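Take a look at the structure below.
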Amino acid sequence: MTDNTQARADRWRKRLSAVAMAVLIAAGVAVAQPAAAATTYCVKGTGYYWQSIAEDDFDSSWNTAGSSDWTLKSANGQVLKKGTTSADGRFSACSPAAGASGVTLTLSSTASANGRVQWRTVSRTSLTPYQITVPVSGARTTAADGTVTIAQPNVQIDGNLAGAWHIIDTLRLLWDKRGSTGACWNGSACEALTFRWGTQTSGGGVWVPELHDVVLDYGDATSKHTILHEAGHWWQWTLAGQHLEGNGKYKGWAKWMDIGDCDPHDYDLTTNTTCAWTEGWANAVAAHALGDRRYVYADGRPDAVFDTTYSTADRSEGNITAALLGIFDVDGGFDRSAKAMGTLRTTFGQYYGARGTLKYNNAATDAAVKKFGMDPILILSSAPVS
Ligand SMILES: [Zn+2]
């Protein structure tokens, strides 16, 4: 190739690239520039709530907002990232857009796992979860890989909303111990465990099957035992598959057992076999999830410790709670119980019979039942509501 030919070829190239450029511009196509790697910004911090807790003698203190869903949003409200705080209330919200001005972080009184809300606290009037939103701010530090960390100042839940987060935080204890069996909380369809809670002081704590929800008095959110007791009723209902009853999933009248005369009920009172069973179960769920064999009421009374025998056998919820705690200890925690609860059991005897059919550790569980004044054979034939 002569110098002349080379020069001609170079002119052609220039002309061709000029034509190509004109075509691209005419078509409105942006010409790609070598892209600089986008900087990732990670907003890191911890959510807190100030709560007095009945189990701690109402010693008010800061608690970390564990299992709280968070959302990172841009100034115009676009969701940049979502996640859930760890058990110790920490979040790490990373997005290339998190470094812009006007970005906010919201904590919600909902707890998600496996892509779904699993439990939540909602307002008793609007039935929507509570939220706390703060502007993203804080010192920025750049790591060797270029990631920028924004140290978000502590996110503090408003004092009058602390109970909503104490409910969320406490229910995680049941989630952590739920076991791997059961119709709910293990991947199959399940309604979120919903607590209706707000400033209302009437109503106490009650599980309402018709609503599928727990309704909790404002002050009852101080007691972890009360929160987990009501959750225990909901769990019994879902383990029995009752949330699937009716005209399609989540529809129709929620079936529940006839609990007879169950008001008042207490750990040391004799009621009937069905009332004592469901209340005894709920007490045991709370005590086992907490690792605390008392029942501490919202006013701080810790006057139940489930290691005493009451009259009368399986008509006393205290006996059933104590026997269940013994059963959980010797035979697989909640896991095997959840399996035995696959349909509605209306007495402790029915539940106990189902366990026997599933060939669990009967010798050890029989001993746990006998220890609290119940004959394992007699309770199998105990009639509902007697
Ligand atoms: Zn109850």
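Keep in mind the model is a prediction, meaning the values are calculated, not measured.
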Got a sec, which residues hit side chain to side chain donor-acceptor pair (under 3.5 Å) with Thr133, two or more places apart in sequence or on another chain?
-> Thr106
Qualifying residues under side chain to side chain donor-acceptor pair (under 3.5 Å), relative to Thr125, sequence neighbours excluded = Ser123
When clusters are formed from ILVMFWY side-chain contacts under 4.5 Å, directly or step by step, what else is grouped with [X]?
{"X": "Leu127", "result": "Val122"}
{"X": "Tyr48", "result": "Trp50, Trp62"}
{"X": "Ile377", "result": "none"}

Which value, rounded to the nearest 0.5 Å, describes the distance between [X] atom [atom1] and [Y] atom [atom2]?
{"X": "Ser95", "Y": "Lys81", "atom1": "OG", "atom2": "NZ", "result": "7.5 Å"}
{"X": "Ile53", "Y": "Thr170", "atom1": "CD1", "atom2": "OG1", "result": "7.0 Å"}
{"X": "Tyr49", "Y": "Asn63", "atom1": "OH", "atom2": "CG", "result": "4.0 Å"}
{"X": "Glu191", "Y": "Arg120", "atom1": "CD", "atom2": "CZ", "result": "9.0 Å"}
{"X": "Thr149", "Y": "Lys44", "atom1": "OG1", "atom2": "NZ", "result": "4.5 Å"}
{"X": "Tyr351", "Y": "Thr278", "atom1": "OH", "atom2": "OG1", "result": "13.0 Å"}

On a heavy-atom basis, which atom in [X] and which in [Y] lie closest, and how many Å separate them?
{"X": "Ile168", "Y": "Ala111", "answer": "CG2-CB, 4.2 Å"}
{"X": "Arg355", "Y": "Ser337", "answer": "NH1-OG, 3.2 Å"}
{"X": "Pro264", "Y": "Thr271", "answer": "O-CG2, 4.2 Å"}
{"X": "Ala231", "Y": "Leu171", "answer": "CB-CD2, 3.6 Å"}
{"X": "Leu105", "Y": "Phe91", "answer": "CD2-CZ, 3.6 Å"}
{"X": "Asp258", "Y": "Val385", "answer": "O-CG2, 3.0 Å"}

Counterpart residues, ring pair (Phe, Tyr, Trp, His ring centres under 6.0 Å), relative to Phe334 (two or more places apart) | Trp235, His288, Phe328
Could I get the full list of ring pair (Phe, Tyr, Trp, His ring centres under 6.0 Å) partners for His229, not counting sequence neighbours?
-> His233, Tyr295
What pairs of residues pass the disulfide (SG to SG under 2.5 Å) test when at least one of them lies in [range], not counting sequence neighbours?
{"range": "residues 260-320", "answer": "Cys262-Cys275"}
{"range": "residues 337-386", "answer": "none"}
{"range": "residues 66-145", "answer": "Cys42-Cys94"}

Do the non-hydrogen side-chain atoms of [X] and [Y] ever get within less than 4.5 Å of each other?
{"X": "His166", "Y": "Trp197", "value": "no"}
{"X": "Thr142", "Y": "Thr147", "value": "no"}
{"X": "Thr46", "Y": "Asp88", "value": "no"}
{"X": "Ile227", "Y": "Leu216", "value": "yes"}
{"X": "Trp277", "Y": "Gln350", "value": "no"}
{"X": "Val206", "Y": "Val214", "value": "no"}
{"X": "Thr274", "Y": "Phe348", "value": "no"}
{"X": "Gln51", "Y": "Ser61", "value": "no"}

Yes or no on side-chain hydrogen bond (donor to acceptor under 3.5 Å, both in side chains) for Ser382 and Asp314, after CA distance, side-chain angles and deciding distance?
-> CA-CA 8 Å; Ser382 193; Asp314 64 341; 2.9 Å; yes
Has the side chain of [X] got a donor or acceptor atom that lies under 3.5 Å from a matching backbone atom of [Y]?
{"X": "Thr194", "Y": "Ala192", "answer": "yes"}
{"X": "Ser316", "Y": "Asp268", "answer": "no"}
{"X": "Asp158", "Y": "Asn160", "answer": "no"}
{"X": "Asp213", "Y": "Arg196", "answer": "no"}

Determine the sole option in Glu317, Arg315, His265 for which the side-chain contact (heavy atoms from CB on, under 4.5 Å) test with Thr270 is passed.
-> Arg315
Could you tell me whether Asp145 atom CG has more than 12 heavy atoms of other residues or ligands within 6.0 Å of it?
-> yes
Heavy atoms from other residues, nucleotides or ligands near CZ of Arg90 exceed 12 (cutoff 6.0 Å) = no
Does the distance from a Lys or Arg side-chain N to an Asp or Glu carboxylate O, for Lys224 and Asp169, drop under 4.0 Å?
-> no
Are side-chain N/O atoms of Thr365 and Asp331 paired as donor and acceptor at under 3.5 Å?
-> no
Got a sec, which pairs hit ring-ring contact (aromatic ring centres under 6.0 Å, His included) with one end in residues 93-122, sequence neighbours left out?
-> Trp119-Trp175, Trp119-Trp185
Could you note down all residue pairs passing side-chain hydrogen bond (donor to acceptor under 3.5 Å, both in side chains) where residues 65-74 supplies at least one of them, sequence neighbours left out?
-> Ser68-Trp165, Asp69-Thr84, Asp69-Thr110, Asp69-Ser112, Ser74-Asn76
Applying side-chain hydrogen bond (donor to acceptor under 3.5 Å, both in side chains), run through Asp335 and Ser180 and close with a yes or a no.
-> CA-CA 6 Å; Asp335 218 356; Ser180 59; 3.2 Å; yes
Take Val136 and Thr104, measure what side chain to side chain contact (heavy atoms under 4.5 Å, CB included) needs, and give me the verdict at the end.
-> CA-CA 5 Å; Val136 164; Thr104 60; 5.7 Å; no
Evaluate salt bridge (charged side-chain N to carboxylate O under 4.0 Å, His left out) for Asp329 paired with Arg293, printing each intermediate quantity in order.
-> CA-CA 12 Å; Asp329 284 350; Arg293 293 175 107 91; 3.1 Å; yes
Begin with the C-alpha distance, continue with both residues' side-chain angles, and end with the deciding distance and a verdict on side chain to side chain contact (heavy atoms under 4.5 Å, CB included) for Ser109 and Gln131.
-> CA-CA 6 Å; Ser109 60; Gln131 294 189 327; over 6 Å; no
For His212, the option from Phe195, Trp237, Trp234 that meets ring pair (Phe, Tyr, Trp, His ring centres under 6.0 Å) | Trp237
Ile320 vs Trp281, side chain to side chain contact (heavy atoms under 4.5 Å, CB included): CA-CA, chis, key distance, verdict | CA-CA 7 Å; Ile320 290 170; Trp281 165 266; 5.7 Å; no
Check the pair Tyr352 / Asp366 against side-chain hydrogen bond (donor to acceptor under 3.5 Å, both in side chains), numbers first and verdict last.
-> CA-CA 9 Å; Tyr352 200 66; Asp366 278 0; 2.7 Å; yes
